Each structure stands twice: as structure tokens, then as C-alpha cells.
Amino acid sequence: MNAVWPHLPILQVVIPLFGAVLAGFLRRPGPAFAVALVVSWLMPLIAGAMLWQALATGPISYHIGSWPPPWGIEYRVDVLGGFVLVLVSTVGAVIMPFARRSVAFEVEEAQQPWFYCMYLLCLTGLLGIVATGDAFNAFVFLEVSSLSTYVLVALGRDRRALLAAFQYLIMGTIGATFYIIGVGLLYLLTGTLNMVDMAARLGPEWAGHSRAIVAALAFITVGVSLKLALFPLHAWLPNAYAYAPSWVTAFLAATATKVAIYVLVRFFFSVFGIAIDFRDLPVTEIILALSVAAMFVASLIAVFQTDLKRMLAYSSVAQIGYITLGIGLANQAGLTGGLVHVVNHALMKAALFLAVGAIFFRVCSVQLSDLAGIGRKMPITMTAFTIACLGLVGTPGTSGFISKWYLATGAFDKGWWLLVFLIVGSSLIALVYVGRVLEVVWLREPSAALENASDPPLSMLLPLVVLAAATVYFGFETQWTAGIAGTAAKDLIGGLR
């Protein structure tokens, strides 16, 4: 164990990478799923060990090939990185048992081994983005995760999944191009790609090259915002979530956009924020305005959706607005609220999309008109769904309330009372579309089409129940969510110029 411990950062990336190769070569669904399951269950152990070490002794620095930074590639895991690594790996581990039956039902048998191969490649990319301390290496992992995600979305049986994947590809490619242009500008200015070294060298360049630095900030912000689906750059998300296989939607909603948010936070606070006072630029005001627009516009669109997956997709755009709102507030409480909502929203939205996947598994439809009274036929599934819905609204006793409490506190600290009312008002709109669904599934008489509907098998039900229970648990016990998020936020805010 002592020999393995120093190499945990690279193992976090190498294990799922080789797992993907093995799953692809096996060419049979059962063994490929077994590989994906074992790898998924191993990842939280590695991530948890690194988070524990980061909390106890400070950031972990791993030098690839023993080349010291900035000459070589550095994997660097601090509290924020460990926090996100634990989130991504834990979500994959918890929801993986659900995939066995759901994927077998929604994906053609010949394509299932490649499905698990692409999932592990996506996991490799997402974990690599968080672990690396090199801006270009982050781009490489960003493309690894994106390309595999396009395939996962395209594997949906609905022919519209291909169009959704193509649309996602176009938008994702534009976002990646903007990101790499921004990184290229920073490299020209600083001569380094290591983020820590880049932040140290960028400050002295401000006096003579302020326009180039602002351009780099703009390119990276727009590029990453496309990846995280910040309104109005969210056009790819509703179709991708609606037509992808159910398990893919749950995984992406809980992880992919959250990792993109991590990249935005990392550049804002650990690169630009150390080198220059970016709060003097109109960046935070723009982020705040777009966040509020997302909270209201996306929620209003969700109210009028008749497809449950599409409604939850627009809900995700709105919830991303809450996260970026915390980034835009750029104070201790606000950033804590944004970071803790990264975790809370991941848990809630994974539970919701798994519930939708279970519904589709039983009744082959996610149209609201077909789901009247389904709560009486699938009581455990819909109870878990209801709990996660209450979390989205921010009901006291759920993790969603904790997030919005910190965001409101951050707005109070700045004296922005209007923003507090906007947070509450957007939550009331969420209550409208959530209440609309709950009225249909619980208060109406079951239709004849649901006569044989029942809760799904235990392998599908257990992950859903675990996520719903976590939504309640973290509404009371916040040490492992708000506590760690607060520590990360303190480090980030404390490092600002």
C-alpha cells in the first residue's frame, strides 16, 4: 500500500483508461459490464484517499515521468479537486448497477460492450480534467470525455439521438476551440502551461498585455460556458438529455457539466484571480446576469414541457444558473453555495433521471399524459422521485435548501436584497413545474396502460433510493458537503489578488 499511495493521482486516470480498452476488447455485454462495475467501484476509494490527504496535508503534486513542473505535466489535487473527484467517481459507482438492465433494454446488444467502453473513456476524461494541473492536458482530457459522450448520446434508439449528438458535437467543438485559443494566448504571454506557474507569471504581464489577458479570459469563459451549458449557450443540452439512453442522461447530468464548472472555477480563482483582480472587470456582473436569466427563463420553459426528460433537462439549465450565481457572487458564502450545489444538484438530478429511466423501463414512455397515477403502481420509484423534486425546489430538510441558504447569505453579505428575492422567486417557478408532475403521478387515477406497471428490479431501485436518501441526509448533515465546499471556497477566495 505504501508503494501505491504516492501514485494515486495517476491511478485515478490510468485504471478507467485501461478498463475502457478491456471492455472494448471483450465484445460481450456481461463481461464488459463487470469491468465497468469493478472500475467504477474502485474509483471512489482512490478519490476519497486523495481528498483525505489534501484536507490533512495540503495539495498533492504528482510529476508525470518524474519531470518536475513546469517542464513536465503535473497532476495536482487540492481540496476542491478532491471534492469534485469524489463526486464524479461516487456518482459513477452508485448508479452503475442501474446500467445493467437499463442499457440492455435501451441499447442494442451488439453495441453494449462499446457503450461500457465509451463510459469508461468518459470517466477517464472527466477525472483527468480535475486531476491535471496542466492547461493543455486539461484540453486533451476535455476532448476525451467529449468525444466519448457524443457516442454515448448517439446510442439512444430514437433516431433523434443522432441529431442530438451531432448538435452536441458542433457546440462542444466550438467550446473546445474557444478554450484552446484562450490557453494559447496565455502560453504566449507566460511561456508555460502549468496552471500554478501560469498564475505566478501572469501578474507581471498585466501592465503591458492587459488586452491579451482579457481576451484569454473571454475565450476561456465562453468556451467553458458552452461545455457547462450556461444560458444562453445551452442549446445542445435539452436534446442531448432527452434522447440519450436514460442511464447516460443521469450520468452526464450529474458529472459532465459539474466538471466544466470546476474548470471555470479553477481558471477564475486559481489562475486569473491570483494574477489580476478580475472582480474589477465586468466578468462577475455578466456571470450574475446570465445566471439569473437561466434561473428564470429555463424554469419557465420547463413549466410548459410535456416530456419528463426534457422538463428535467431545462431544469438542469436553471440549476446550473444557481451554481454560476455563486461563482459570480465571488464571496465566501456565495462561492460555498455554488460549490455545494455542484454536489447537491448532482445527487438530486441523478436520482430524477434514474427514476425517469425506471419509468421508461416499465411503461416505455416518459410523456406526462401517459404517467397519470403511476405513483400508485411504482410507489418506491415515485417516492424517491418526489424527494429529489423537493430538493430541486429547495425545501427545508433537503440538500437543495442548504445550497440556496448559502447563496442567499452570499447575496445578503453584498447587500443585494433583490437577488435574494430572485432566488426565492425562481424556486417558486420550480415548484410550479415540479407540482405539475407530482399532481399527475400521485393524484390522478392510473390509466389502463399502467395496469402491469411496477417498481423496477432491485439493481435499478437501490441506486435510486440511495440518491434520494442522500438528498435528505445532506439536508441535515452538511459536514461532507457544505463543510468541504466552505474549506475549498475559503482557499479560493483567500488566494484572490
Side-chain angles (χ1 to χ4, degrees), residues 69-70 73-74 76 80-81 84 125-126 128-147 169-234 236 256-287 290-291 320 324 327-328 330 492 495-497:
I73 295 175
E74 178 191 27
R76 188 176 183 85
L80 176 62
V84 179
L126 295 175
I129 292 168
V130 180
T132 188
D134 184 281
F136 183 78
N137 198 228
F139 168 75
V140 173
F141 282 122
L142 191 68
E143 288 306 282
V144 169
S145 64
S146 296
L147 291 172
L169 184 150
I170 297 298
M171 298 289 284
T173 302
I174 294 172
T177 302
F178 272 64
Y179 172 82
I180 199 62
I181 291 173
V183 170
L185 287 171
L186 292 177
Y187 180 71
L188 288 173
L189 289 168
T190 63
T192 183
L193 291 169
N194 182 275
M195 293 185 192
V196 174
D197 194 40
M198 185 183 289
R201 297 187 188 188
L202 197 59
E205 298 293 332
W206 175 253
H209 301 95
S210 59
R211 289 187 178 182
I213 294 174
V214 170
L217 174 60
F219 273 113
I220 290 174
T221 301
V222 173
V224 177
S225 295
L226 272 162
K227 293 288 187 179
L228 66 86
L230 176 62
F231 181 89
L233 305 175
H234 67 285
W236 60 268
T257 52
K258 309 305 180 289
V259 169
I261 289 165
Y262 165 85
V263 175
L264 188 68
V265 170
R266 181 61 74 201
F267 272 94
F268 273 11
F269 292 91
S270 299
V271 177
F272 292 104
I274 290 175
I276 63 175
D277 191 352
F278 76 93
R279 289 174 293 188
D280 288 341
L281 301 173
V283 178
T284 54
E285 288 82 356
I286 293 172
I287 293 292
L290 295 179
S291 300
I320 288 169
T324 53
I327 298 172
L492 293 170
L496 291 179
R497 185 167 179 175

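Everything quoted here is computed from the prediction, not taken from an experiment.
Environment of CZ in Phe141: crowded, with over 12 heavy atoms of neighbouring residues, nucleotides or ligands closer than 6.0 Å.
Atom OG1 of Thr173 and atom CZ of Phe178 lie 12.5 Å apart (nearest 0.5 Å). Here NZ of Lys227 is found 10.5 Å from CD1 of Ile174. Values are rounded to the nearest 0.5 Å. A distance of 11.0 Å separates CG of Asn137 from CD of Glu74, quoted to the nearest 0.5 Å.
Taking the six-membered ring for Trp and thresholds of 30 and 60 degrees, Phe267 and Phe272 have ring planes inclined between 30 and 60 degrees apart. Note: Phe231 and His234 have parallel aromatic rings, judged against thresholds of 30 and 60 degrees for the angle between ring planes.
Considering only heavy atoms from C-beta on, Leu186 comes within 4.5 Å of Leu202 through its side chain. Taking the side chain as every heavy atom from C-beta outward, Val84 and Lys258 never approach each other to under 4.5 Å. Put simply, the side chain of Phe269 reaches to within 4.5 Å of the side chain of Ile327, judged on heavy atoms. When side chains are defined from C-beta on, Phe136 counts as touching Ile180, because their heavy atoms get closer than 4.5 Å. Using a 4.5 Å cut-off on side-chain heavy atoms (C-beta onward), Val183 and Phe139 make no contact. Contact check for Thr132 versus Val140: no side-chain heavy atoms found under the 4.5 Å cut-off.
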Determine, stepwise, if the pair Val263 / Leu228 fulfils side chain to side chain contact (heavy atoms under 4.5 Å, CB included).
CA-CA 10 Å; Val263 175; Leu228 66 86; over 6 Å; no
Give the C-alpha distance, both sets of side-chain angles, the deciding distance and a yes or no for side chain to side chain contact (heavy atoms under 4.5 Å, CB included) between Ile220 and Val271.
CA-CA 12 Å; Ile220 290 174; Val271 177; over 6 Å; no
Should Thr324 and Leu290 be marked as a side chain to side chain contact (heavy atoms under 4.5 Å, CB included) after you check the CA-CA gap, both sets of side-chain angles, and the distance that decides it?
CA-CA 9 Å; Thr324 53; Leu290 295 179; over 6 Å; no
After noting the C-alpha distance and the side-chain angles of Val259 and Ser145, does the key distance pass the side chain to side chain contact (heavy atoms under 4.5 Å, CB included) rule?
CA-CA 10 Å; Val259 169; Ser145 64; over 6 Å; no
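Although no hydrogens or angles enter the test, the distance criterion places a donor-acceptor pair under 3.5 Å between the side chain of Ser225 and the main chain of Thr221.
Heavy-atom minimum distance, Ala260 versus Val224: O-CG1, 3.1 Å. In this structure, Met195 and Ala135 approach most closely via the heavy-atom pair CE-CA, 3.8 Å.
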